[in-house]
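Inspection log for the structure reproduced underneath, given as structure tokens.
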Number of protein chains: 2
Amino acid sequence: MLSKSAEYALRATIYIALKGSVDNKLGIDEIATAIDSPQYFTAKIMQLLTKNNRVVSSVRGPNGGFYLTDAARKLPVRAVLEAVGEDGIITKCVLGLKECSESRPCPMHEQYRSIKVQLKQMFEKTTIQSLAEETGKGKLVINNRLVKKK
Amino acid sequence: MLSKSAEYALRATIYIALKGSVDNKLGIDEIATAIDSPQYFTAKIMQLLTKNNRVVSSVRGPNGGFYLTDAARKLPVRAVLEAVGEDGIITKCVLGLKECSESRPCPMHEQYRSIKVQLKQMFEKTTIQSLAEETGKGKLVINNRLVKKK
DNA sequence: ATAAATAAAGACAAGTATATCCTTTTATCT
DNA sequence: AGATAAAAGGATATACTTGTCTTTATTTAT
Ligand code: FES
Ligand code: FES
């Protein structure tokens with residue numbers, strides 16, 4: 001469905017939204033540990049997310065790290081996918097034809113049409129902030145470790 | 001969304017269902033040309049589809065080629081995905097967690113739940129035959145060439 | 001039986017994604 | 001100013017996917 005890059009990018013962004021802030025920036029080691037991802041690879045992906053401050057903000061040096069601005073929190077999840085070059089999932093044809101359109105539909109287009117719309121809406125109407133909020137309040141998980149019992 | 005292998009497998013299978021039969025077996029060169037796919041690579045994929053006659057049937061030698069049995073025509077599209085080892089799309093978590101379940105939901109699970117069900121149904125309720133029929137009667141396309149004008 | 005056609009199988013090449021490590025830059029603190 | 005902490009950037013390694021080519025096995029037709 002999504003590439004590893006996209007998966008890590010989404011998990012990392014959600015974690016940063018949940019635990020970080022301007023005065024509590026998160027280090028790459030903490031992030032990678034929290035979301036069960038390979039640290040150095042995740043660092044590379046963060047570079048894509050921070051390019052031009054598009055999604056994630058960062059500062060170097062002591063007490064540096066990653067955080068999200070208020071504006072970034074309002075971005076749709078799709079922004080994360082775009083940052084890692086993975087938004088094909090909401091644009092491409094299931095059968096891999098160059099174009100997906102009503103005027104040139106593939107055999108699965110009819111069946112897929114509505115699903116594609118819903119995928120699109122899921123990634124465009126859901127904001128980073130709303131995902132983080134859900135995660136904060138619930139029993140939602142963002143890594144592969146066992147859920148802690150109370 | 002899907003791998004190239006899966007895309008070619010689906011396009012090839014649909015084409016064979018549409019144009020082939022026991023007494024009109026299709027050669028790999030014809031198939032690859034028809035669906036705009038690299039011939040040798042497609043041949044490899046056909047080997048996966050014909051393993052144990054799971055989806056596609058084949059015979060070698062003069063007048064040999066690929067075709068579908070009546071039983072195969074009734075298979076769900078999912079069978080093609082399984083043959084190429086690509087059915088993760090209907091089983092895995094969007095965020096790449098090891099498990100996708102109600103008891104251990106990721107932050108996107110709630111939003112994705114219904115889409116996942118629909119994807120599953122699309123691949124399980126649609127048969128190879130029904131796709132071929134749609135393709136046969138309509139203006140549906142299965143390659144990247146321009147649609148012929150009448 | 002021999003020849004020819006065709007898929008199957010195997011070996012390899014190229015490209016892309018994933019992962020790790022090392023060096024450089026920048027910011028902070030003393 | 002100097003030391004230190006942290007991300008950014010670059011170089012490299014590994015694995016997987018995609019694509020090509022050659023050889024082998026099998027079937028059919030002559
Ligand atoms: S043309 Fe294939 S999904 Fe739209
Ligand atoms: S747990 Fe992530 S989609 Fe179900």
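Sequence lines set the chain letters: A, B, ... in the order given, protein chains first and strands last, and positions in each chain run from 1.
- Listed for the A/E99 side chain is no donor-acceptor partner under 3.5 Å among the backbone atoms of A/R104.
- Between B/E30 and B/K19 there is no salt bridge, since no side-chain nitrogen of the basic residue lies less than 4.0 Å from a carboxylate oxygen of the acidic one.
- Distance alone, capped at 3.5 Å, places no donor-acceptor pair between the A/N144 side chain and the A/D36 backbone.
- B/E124 contributes no side-chain N or O that, together with a main-chain N or O of B/P76, makes up a donor-acceptor pair within less than 3.5 Å.
- Of the possible polar contacts, one joining the A/T50 side chain to the A/Q47 backbone as a donor-acceptor pair under 3.5 Å is found.
- Judged as a salt bridge (Lys or Arg N to Asp or Glu O under 4.0 Å), and not counting sequence neighbours, B/D29 has no contacts.
- In terms of heavy atoms, B/S58 sits closest to B/Y67 at N-CE2, 4.2 Å.
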When you look at A/V80 and A/I14, which way does the side chain to side chain contact (heavy atoms under 4.5 Å, CB included) test go after all the steps?
CA-CA 10 Å; A/V80 176; A/I14 294 169; over 6 Å; no
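- In this structure, CG in B/L2 is found 10.5 Å from CG in B/D87, a value given to the nearest 0.5 Å.
- Using a 4.0 Å cutoff to heavy atoms of chain B, the contacted part of DNA chain C runs 5' to 3' from C/dA4 to C/dA11.
- Using a 3.5 Å distance cut-off with no hydrogens or angles, the side chains of B/T42 and B/S37 do pair a donor with an acceptor.
- The stretch residues 40-47 of chain A touches DNA chain C through A/Y40, A/F41, A/K44, each having a heavy atom within less than 4.0 Å of the strand.
- Formation of a donor-acceptor pair under 3.5 Å by the B/R73 side chain with backbone atoms of B/A17 is found in this model.
- The structure places CE of B/M1 at 11.0 Å from CD1 of A/I90, a figure rounded to the nearest 0.5 Å.
- Between the side chain of A/S130 and the backbone N or O of A/T126, no donor-acceptor pair lies under 3.5 Å.
- B/R11 places a side-chain N or O within 3.5 Å of a backbone atom of B/I142 that can act as its donor or acceptor partner.
- Shown for residues 25-39 of chain B: residues whose heavy atoms fall under 4.0 angstrom of DNA chain C, namely B/L26, B/G27, B/I28.
- For DNA chain C, the residues of residues 4-12 of chain A within the heavy-atom distance limit of 4.0 Å (strictly under) are A/K4, A/S5, A/Y8, sorted by number.
- In this structure, the side chain of A/K92 does not engage the main chain of A/C100 through any donor-acceptor pair within 3.5 Å.
- On the nucleic acid side, DNA chain D contacts chain A at distances under 4.0 Å to non-hydrogen atoms, with the end points of that region at D/dT4 to D/dA11.
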